[in-house]
Visitor: 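Here it is, the structure in full.
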Amino acid sequence: SNGTMCANGTEGPEATETDSSGTGRMRKPLERNGSTQNDTVHLERRLGLFSGVALIVGTMIGSGIFVSPSGLLVRTGSVGVSFIIWLACGLLSLLGALAYAELGTMNTSSGAEWAYFMDAYGPAPAFLFSWVSTLVLKPSQMAIICLSFAQYAVEAFVTECDPPRGVVKMVALVAIVMILFVNCYSVNLGMAVQNVFTAAKLVAVVIVICGGAWKLLQGNTQHLSHAFDGPMPNIGAIATAFYTGLWAYDGWNNLNYVTEEIKNPSKNLPRSIMIGIPLVTLCYALINISYLAAMSAQEMIESEAVAVTFGNRILGALAWLMPLSVTVSTFGSANGTLFAAGRLCFAASREGHLLDILSYVHVRRLTPAPGLIFHSLIASAMVLHGTIDSLIDFFSFTAWIFYGGAMLALIVMRYTKPNHPRPYKVPIVIPVVVLIISVYLVAAPIFQTPRIEYLYALLFIFAGLIFYVPFVKLGMTPRFMNKVTLFFQLLLEVVPTSSMAM
Ligand code: ARG
């Protein structure tokens, strides 16, 4: 049974994000094999350079480039500044990822941050990471992508006016339920959806770039001149503008979750990073220019769905292609995100970090249904409560605390493990610079534009300790939990993986 879980995971980051959550107690052999507890399926080294690049590019290009450009313009006030921030986000992602390349080649077990925190700081911080990614980071990714999906799906029908909020939220909830169904129904269906939809995403990107190039060749360059007219943004606004841009680049560390599956990781991990991230940066820069070839900055700000407006202006009779490819692409990202989330939840709970029930799989379908349902519930609550922009800020704020933590882990290990082999060694200024920027990214919005969400996020991270000490470190289980577990087992027809026939 566990083998099946793994079979679905071998596809990508999903596979080994499971490992990232096995914190607290150290169980080395299990942690190395990810979820292949029963040894039915091994995580083989199957990913070469090409798949490595595809994995990075496929994860990074999602909803962001179709949604964020307007938000970034609002926050920066001018085309020029916003373009610089798009490029800077790409550079920052590249630098961060290069530091992750050192970490990932030093410790070749999968699980990214979890594994590095474990090495550098020990189990409690590693637990806090898995706690936050399971309960906040993964569900908020899901919520953001589904809201973007909904925005495009609805926009397709109401072209020139703002789509009603309530309808967008309803459609986002429908998307969550559909994706939940797909992933509870069968692992293969989930994977098929993923592959088809990834291809569609690339089509959307190529359409936008070609359309923009065509417009520019016709001489539509007026919106690109006077790029720096407008007020200069303040320092807090720049940090939140970065959040918007960095969302579009999020996923730059995804290959680090599957280090165990990369062939010759000490070469292919750094190379995939050095090819993949500049490639995405180039696409994003070209797409931004394309948008401006078709509309002014003001029109971009007013458009609820930039890519649709773009399609209406440029594609003529084929305008419907744009919302279609964006919905297809965001649906695919959401599918992949829930897939990863379910497995993360599965692994964290199997290691005793979340409720047992969340690690169980469906008796016949062999899908981690309870974990998937759990994530979908949190994501739905986020959809109902938040907007795309507020969720992105909330997500980025929390995520960058951990990305910064990983930079610090690298620096700490240069001192604590000076002789550990480092097949790829990054110049130390890189993690130092990224660490400083991440401190700025986390601190600036708190001081400049204080919002209660940031406080919630911080409280939430540390609230993890309240659970860590009794339930993980001391291993206590309240009595009534057995009854709760039994109830859900009967309701959902799920069983622990160890009890299933192989
Ligand atoms: N960058 C993607 C987008 O623009 C989001 C990626 C979410 N992150 C992840 N690790 N799955 O939609």
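Residue indices begin at 1 and follow the sequence shown. Each ligand, and each atom within it, is numbered from 1 in the order the structure gives.
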Visitor: Can the ring centroids of Tyr100 and Trp252 be said to lie less than 6.0 angstrom from one another?
Guide: yes
Visitor: Mark the output for Ala248 as yes if a heavy-atom distance to ligand 1 is under 4.0 Å, and as no if none is.
Guide: yes
Visitor: Could you list the atoms of ligand 1 found under 4.0 angstrom from a heavy atom of Met60?
Guide: 1 (N), 2 (C), 3 (C), 4 (O)
Visitor: Could you point out which residue of Phe397, Phe395, Phe66, Phe242 forms a ring-ring contact (aromatic ring centres under 6.0 Å, His included) with Trp247?
Guide: Phe395
Visitor: Taking the basic N atoms (NZ, or NE/NH1/NH2) and the acidic carboxylate oxygens, is any pair closer than 4.0 Å for Asp393 and Arg75?
Guide: yes
Visitor: Could you list which atoms of ligand 1 come closer than 4.0 Å to a heavy atom of Gly64?
Guide: 3 (C), 4 (O), 12 (O)
Visitor: Going by the ring-ring contact (aromatic ring centres under 6.0 Å, His included) test, name the single residue among Tyr243, Tyr284, Tyr403, Trp400 that passes it with Tyr249.
Guide: Tyr284
Visitor: Taking the minimum heavy-atom distance to atom 8 (N) of ligand 1, which of Asp250, Thr330, Ile392 ranks first?
Guide: Asp250
Visitor: Using ring centroids (six-membered ring only for Trp), state whether Phe460 and Tyr456 fall under 6.0 Å.
Guide: no
Visitor: Run down the list Trp247, Tyr284, Phe66 and name the one with the heavy atom closest to atom 5 (C) of ligand 1.
Guide: Trp247
